[in-house]
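The chains referred to below are lettered A, B, ... by the order of the sequence lines, with proteins before strands, and numbering in each begins at 1.
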Number of protein chains: 2
Amino acid sequence: MFSKACEYGLRATIYIAEQSLSGRKTSLKEIAGSIASPESFTSKILQQLSRSEIIHSDKGPTGGFSMNPHQLETVKLSSIVAAIDGDHIYKGCGLGLEQCNEKKPCPLHDQFKGIRDELKSMLETTSVKELALGLKGGLTMLKR
Amino acid sequence: MFSKACEYGLRATIYIAEQSLSGRKTSLKEIAGSIASPESFTSKILQQLSRSEIIHSDKGPTGGFSMNPHQLETVKLSSIVAAIDGDHIYKGCGLGLEQCNEKKPCPLHDQFKGIRDELKSMLETTSVKELALGLKGGLTMLKR
DNA sequence: ATAATAATGGATAAATTTATCCATTATTAT
DNA sequence: ATAATAATGGATAAATTTATCCATTATTAT
Ligand code: FES
Ligand code: FES
């Protein structure tokens with residue numbers, strides 16, 4: 001469904017959100033450890049998220065990653081997926097035609113569009129914060 | 001969503017079904033031309049589909065690919081996706097955890113499961129034949 | 001039997017994604 | 001100023017996916 005990079009990005013952001021909700025900054029090391037992802041690869045992804053203003057980063061001692069109140073309030077999963085995987089999943093044709101086109105649909109268009117649009121709307125309406133709250137409450141987990 | 005191999009496999013199978021419904025065998029060359037896919041890569045995929053008994057192939061002159069009445073009647077999209085991409089898309093965790101687990105869910109589980117299951121059921125209920133009929137009727141297309 | 005034809009299968013190559021390494025930059029505390 | 005710390009960014013490497021090439025096999029028609 002999503003690329004590895006995107007999966008790590010989603011998990012990392014949810015973890016950072018949880019920590020921020022508890023008033024803590026967190027480091028690359030701690031994040032990678034908490035979501036079971038390769039540290040240096042995760043670093044690249046956090047850089048992308050930081051440049052996309054989805055998370056915030058500080059250098060130096062006492063530095064680390066965090067989300068500010070505005071980010072916690074506004075960031076939806078769709079922003080993360082778009083930043084890392086692009087919008088192919090939202091707009092792409094299920095059979096891989098160059099672009100999806102209502103007027104010249106592929107044979108799967110009718111059946112596929114509904115599901116693709118539901119996925120889109122789920123990602124657009126689900127906030128990182130609400131998922132972080134489930135994590136915080138111990139109801140859910142980010143690694144096996 | 002699906003791998004390139006799987007997209008080609010779906011398009012190829014729908015094309016073969018259309019031809020078989022019209023009583024024609026079709027060759028690798030014709031298939032690749034009709035679905036705009038790389039010929040030799042498509043060949044590998046057709047081999048997989050043939051081994052999985054999703055399509056039928058004949059060697060030699062007058063040879064080619066086709067679907068027999070039984071295949072036309074029973075093959076669903078889910079068989080093709082399973083044969084090429086495996087069952088990850090049906091069973092996998094949206095956040096990439098090793099396995100999806102109701103009892104120890106990831107934060108996205110509740111929102112994701114519904115969509116994943118809908119996709120699964122769409123693929124399991126949609127037959128290649130019905131998509132081929134739309135193609136045949138000129139309502140849909142397999143390349144841009 | 002022979003030639004022609006079309007799929008098959010094995011060996012590679014190219015492209016992309018995933019992952020690692022390490023020097024540099026910014027920041028903090030002493 | 002200096003040392004310590006943590007993110008950044010660039011250069012690569014490993015792994016996987018996508019793609020190509022070509023000799024072999026099976027089949028058909030002559
Ligand atoms: S054209 Fe294929 S999904 Fe719309
Ligand atoms: S545990 Fe992640 S989708 Fe079920």
Query raised in the report: Salt bridge check: are B:R24 and B:E18 linked by an N-O gap of less than 4.0 Å?
Result: no

Query raised in the report: Given that A:G63 and A:F41 both sit by DNA chain C, which one's nearest nucleotide is further toward the 5' end?
Result: A:F41

Query raised in the report: More than 12 non-hydrogen atoms from neighbouring residues, nucleotides or ligands closer than 6.0 Å to CD on B:E98, yes or no?
Result: no

Requested in this report: Round to the nearest Å and state the distance from A:K4 atom NZ to D:dA14 atom P.
Outcome: 21 Å

**Report entry** Per B:K44 side chain, nearest of listed nucleotides C:dT20, C:dT8, C:dG9
**Finding:** C:dG9

Query raised in the report: So what does B:T62 hit on the nucleic acid, given a heavy-atom distance under 4.0 Å: a base, only sugar-phosphate, or nothing?
Result: sugar-phosphate

Query raised in the report: Between A:L28 (CG) and D:dT5 (C1'), how many Å, whole number?
Result: 13 Å

**Report entry** Between C:dA6 (P) and B:I55 (CD1): distance, integer Å
**Finding:** 16 Å

Report summary line: note: B:I45, atom CD1; D:dT17, atom P; distance rounded to Å ~ 13 Å

Query raised in the report: 5'-most contact on DNA chain D: B:Y8 or A:R51, nearest heavy atom basis?
Result: A:R51

Query - Polar side-chain atom of A:S79 near backbone of A:K76 as donor-acceptor pair, under 3.5 Å - result: yes

Requested in this report: Report yes if at least one side-chain N or O of A:S57 is closer than 4.0 Å to OP1 or OP2 of D:dT8; otherwise report no.
Outcome: yes

Query raised in the report: Hey, is the main chain of B:Q71 close enough, under 3.5 Å, to the side chain of B:N68 for a donor-acceptor pair?
Result: yes

Requested in this report: Would you mind reading off the distance between A:L49 atom CG and D:dT8 atom C1', rounded to a whole angstrom?
Outcome: 14 Å

Query raised in the report: Checking all strands, does A:S43 fall into the base, sugar-phosphate, or nothing category for heavy-atom contacts under 4.0 angstrom?
Result: base

Report summary line: As its Watson-Crick or G-U partner within any shown strand, both distances under 3.5 Å, D:dT27 has C:dA4

Query raised in the report: With no hydrogens and no angle check, do the side chains of A:S20 and A:S66 hold a donor and an acceptor under 3.5 Å apart?
Result: no

**Report entry** Earlier contact from the 5' end, DNA chain D, for A:K29 and B:D58
**Finding:** A:K29

Query - Distance-only donor-acceptor test, B:K59 side-chain atoms vs D:dT25 base atoms, 3.5 Å - result: yes

Requested in this report: Grab the NZ-C1' distance between A:K25 and D:dA7 for me, whole Å please.
Outcome: 11 Å

Requested in this report: Could you check how far CZ of A:F2 sits from P of C:dT18, rounded to whole Å?
Outcome: 13 Å

Query raised in the report: Choosing from C:dC21, D:dA19, D:dT18, which nucleotide comes nearest the side chain of B:P38?
Result: D:dA19

Query raised in the report: For the pair made of CD in B:Q48 and P in D:dA19, what is the distance, rounded to whole Å?
Result: 14 Å

Requested in this report: Go ahead and name the base partner of D:dA11; Watson-Crick or wobble counts if both distances stay under 3.5 Å, otherwise write none.
Outcome: C:dT20

Query raised in the report: At under 4.0 Å, does any side-chain N or O of B:Q47 touch on OP1 or OP2 of C:dG9?
Result: yes

Report summary line: Of the listed D:dT27, C:dT18, C:dT27, the closest approach to the B:P61 side chain comes from D:dT27

**Report entry** Under 3.5 Å side-chain donor-acceptor pair for B:S34 and B:Y15
**Finding:** yes

